[in-house]
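This is a predicted model, so every value here is computed, not measured. In this chain, residues are counted from 1 in sequence order.
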Amino acid sequence: MNDILTRFIGYVQTDSESGNEKAMMETLKAELLDLGADIYQDGAGKKLGSNGTNLYAFFPGDPSRETLLFSCHMDTVAPGIGIEPIVENGIIRSAGDTILGGDDKSGITALMDALTKVRSRNKSHGPLEIVFTIGEEGGLHGSANLEYSRLSARSGYVLDSSGPVGKIIVQAPTQFKITAEIKGRSAHAGLAPESGVSAIQAGAAALARMKLLRIDEETTANVGTFKSEGPTNIVRDSALVVAEVRSLDMEKAGAQVEHMKACFIEEAEKAGAKVDLEVSCLYESYNFSPEDPVVSFVESCCKAAGIEPFTASTGGGSDANNYNSRGIKVLNLGCGVSGPHSFDESLPVDELERFSELVYTMIVSR
């Protein structure tokens, strides 16, 4: 078994579901210290209810060269405890009862392998800033709580996209979360149902009116929760709906949010109910032109590493969204993983090796 495969298997066998990143964090901290990095840990874990923290590593380099940022997230989705990786015909999969964890341990593996090669080969490079985040899955919470003042890099790369190595995400969406608490009036469903106001009925009427799922080529909307539990002999006086809106266009995202809010408000009013609405922006979109230096740099490194680059847009968010909203130009790169967040997740070993070579080339070329 080669070194990079051994490293990847060790990482995915280190449990790190969201909120339980400590073991992975401690593993990476020890390896980074051994490579000569200066380490910092922030207080995001306590705020987010995680036993880990965001982990920052700083490598000094040639001060005449531009500082380069790399970032990956340490957490995985569930079920990610007791992962048993299996390698068959050059493809890594889980045993079938968990995810594999290549999201994002393929990115972590490629980065750590590249850093190890840079040191063992004594290659010169510019200053490097490495960030491993917690709580990325489910809302990019770790990167939302980074201490950005500690970072001097003005550009960098998140190593976290599914798809082949060479994929460069130049456009990613805004995501809004909508929470609606519908308040009706309870009554006995058998004796006097007309005295009640059904929060369930009002919520269902609102959802029936909504444009949902694929809105257009840039915009989606989905309801993830409709919750109201109780006995059938009582008209339910409360219901909770949680939904999301994503779009590559901020104006379209805002229009879809307003449409959904109007549906809740109008249908609640018709039913004689009330609705409390909360809308929050989880992250903002980004969009880079093909001519932007942050794009052209990684494209040139791909070609130098024998990899064919291509640009793409995505409907999913990543820590790159938060870096960009804080003024650091960051792209998300393909890690070679297929089927993330599923039991069918897989990663070709040669893609892992190619990704490490790309990251190595980026480090020594800046």
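No donor-acceptor pair closer than 3.5 Å links the side chain of Asp249 to the backbone N or O of Glu218. A donor-acceptor pair under 3.5 Å links the side-chain atoms of Ser228 to the main chain of Ser238, judged by distance alone. Judged purely by atom type and a 3.5 angstrom limit, Asn324 uses its side chain to pair as donor or acceptor with the backbone of Ala320. Glu129 places a side-chain N or O within 3.5 Å of a backbone atom of Ala153 that can act as its donor or acceptor partner. In this structure, Ser198 contributes its side chain and Val235 its backbone to no donor-acceptor pair below 3.5 Å. Judged purely by atom type and a 3.5 angstrom limit, Lys261 has no side-chain atom pairing as donor or acceptor with the backbone of Ile178. With hydrogens and angles ignored, the 3.5 Å screen pairs a side-chain donor or acceptor of Glu345 with a backbone N or O of Leu100. A donor-acceptor contact shorter than 3.5 Å is absent between the side chain of Glu136 and the backbone of Gly142. With Thr311 contributing its side chain and Ile168 its backbone, the two residues share no donor-acceptor pair below 3.5 Å. Between the side chain of Lys303 and the main chain of Pro309, no donor-acceptor pair closer than 3.5 Å is present.
The side chain to side chain donor-acceptor pair (under 3.5 Å) analysis of residues 20-32, with sequence neighbours excluded, yields the pairs Arg7-Glu31, Tyr11-Glu31, Asn20-Asn51, Glu21-Ser50, Lys29-Gln41. Applying the ring pair (Phe, Tyr, Trp, His ring centres under 6.0 Å) rule to pairs touching residues 224-280 yields nothing, sequence neighbours excluded. The stretch residues 282-314 participates, sequence neighbours left out, in these ring pair (Phe, Tyr, Trp, His ring centres under 6.0 Å) pairs: Tyr286-Phe288.
Across Ala304 and Thr361, no two heavy atoms sit closer than the pair CB-CG2, 4.1 Å. The nearest pair of heavy atoms linking Ser186 to Asp237 is N-CB, 3.5 Å. The two residues Glu137 and Ser18 come nearest to each other via the heavy atoms CB-OG, 3.6 Å. Taking each heavy atom of Cys302 and Gly166 in turn, the nearest pair found is SG-CA, 4.1 Å. Of all non-hydrogen atoms in Tyr157 and Arg366, the two that sit nearest each other are OH-NH2, 4.1 Å. Arg246 and Gly316 get closest at one heavy-atom pair: NH1-CA, 3.4 Å.
With a 4.5 Å cut-off on side-chain heavy atoms, Leu248 and Asn287 do not count as touching. For the pair Gln171 and Thr314, the minimum side-chain heavy-atom distance is 4.5 Å or more. Put simply, the side chain of Met250 reaches to within 4.5 Å of the side chain of Phe176, judged on heavy atoms. The shortest side-chain heavy-atom distance between Leu5 and Ile92 falls under the 4.5 Å cut-off. In this structure, Phe58 and Pro127 have side chains that are not in contact, with every pair of non-hydrogen atoms separated by 4.5 Å or more. At a threshold of 4.5 Å between non-hydrogen side-chain atoms, the residues Ser289 and Val295 do not count as touching. Between Leu333 and Met362, the closest side-chain pair of non-hydrogen atoms falls below 4.5 Å. Thr76 places a side-chain heavy atom less than 4.5 Å from the side chain of Glu17.
Rounding to the nearest 0.5 angstrom, the gap separating the CG atom in Leu68 from the NE2 atom in His125 is 10.5 Å. The distance from the OG atom of Ser346 to the CZ atom of Arg93 is 5.0 Å, given to the nearest 0.5 Å. One distance of note links OG of Ser162 with CG of Leu347; it measures 11.5 Å at 0.5 Å rounding. For the atom pair Ile9 CD1 and Glu84 CD, the distance stands at 12.0 Å (nearest 0.5 Å). Taken to the nearest 0.5 Å, the CZ atom of Arg326 stands 8.0 Å off from the CD atom of Glu284. Between atom CG of residue Asp113 and atom CD1 of residue Ile108 there is a gap of 13.5 Å, rounded to the nearest 0.5 Å.
By the criterion of side-chain heavy atoms lying less than 4.5 angstrom apart, applied directly or through intervening Ile, Leu, Val, Met, Phe, Trp or Tyr residues, Val77 is not grouped with Leu282; the two fall into different hydrophobic clusters. With hydrophobic clusters built from ILVMFWY side chains whose heavy atoms lie under 4.5 angstrom apart, Phe70 does not share a cluster with Ile328. By the rule that hydrophobic residues join a cluster once side-chain heavy atoms approach within less than 4.5 Å of another member, Ile91 and Val337 end up as members of separate clusters. Put simply, Tyr360 and Phe8 are part of two different groups of oily side chains (I, L, V, M, F, W, Y) that touch within less than 4.5 Å, one to the next.
A donor atom on one side chain and an acceptor atom on the other are not found under 3.5 Å apart for Ser318 and Asp160. Using a 3.5 Å distance cut-off with no hydrogens or angles, the side chains of Ser247 and Gln256 do not pair a donor with an acceptor. There is a side-chain donor-acceptor pair under 3.5 Å between Glu147 and Tyr40.
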| task | Would you please test Asn2 and Glu353 for side chain to side chain donor-acceptor pair (under 3.5 Å) and show each step? | result | CA-CA 10 Å; Asn2 61 33; Glu353 293 168 341; 2.7 Å; yes

| said: Pair Leu32, Phe59 - check side-chain contact (heavy atoms from CB on, under 4.5 Å), show working. | reply: CA-CA 9 Å; Leu32 289 163; Phe59 290 91; 4.1 Å; yes

| said: Checking Val330 against Ser71 for the side-chain contact (heavy atoms from CB on, under 4.5 Å) test, could you report, in this order, the C-alpha distance in whole Å, the side-chain angles of both residues, the deciding distance, and whether it holds? | reply: CA-CA 9 Å; Val330 172; Ser71 183; over 6 Å; no

| Ser64 vs Asp62, side chain to side chain donor-acceptor pair (under 3.5 Å): CA-CA, chis, key distance, verdict | CA-CA 5 Å; Ser64 68; Asp62 182 347; 2.7 Å; yes

| task | Under the side-chain contact (heavy atoms from CB on, under 4.5 Å) rule, what do Val223 and Val241 come out as? Steps first, then yes or no, please. | result | CA-CA 7 Å; Val223 175; Val241 182; 3.8 Å; yes

| task | Determine, step by step, whether Ile134 and Asn54 satisfy the side-chain contact (heavy atoms from CB on, under 4.5 Å) criterion, reporting the C-alpha distance in whole Å, the side-chain angles of both residues, the deciding distance to 0.1 Å, and the verdict. | result | CA-CA 6 Å; Ile134 59 175; Asn54 290 321; 3.6 Å; yes

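Atom NZ of Lys117 has more than 12 neighbouring heavy atoms from other residues, nucleotides or ligands inside a 6.0 Å radius. No more than 12 heavy atoms of other residues, nucleotides or ligands sit less than 6.0 Å from atom NZ of Lys183. Atom CD of Glu251 sits in a sparse spot, with 12 or fewer heavy atoms from other residues, nucleotides or ligands closer than 6.0 Å. Enclosure of atom CD in Gln201 is not indicated, since only 12 or fewer non-hydrogen atoms of other residues, nucleotides or ligands lie within 6.0 angstrom.
Between Arg354 and Glu351, at least one side-chain nitrogen of the basic residue sits less than 4.0 Å from a carboxylate oxygen of the acidic one, meeting the salt-bridge criterion.
A side-chain hydrogen bond (donor to acceptor under 3.5 Å, both in side chains) with Thr133 is found for one member of Thr53, Asp75, Asp319, Asp104 and no other, namely Asp319.
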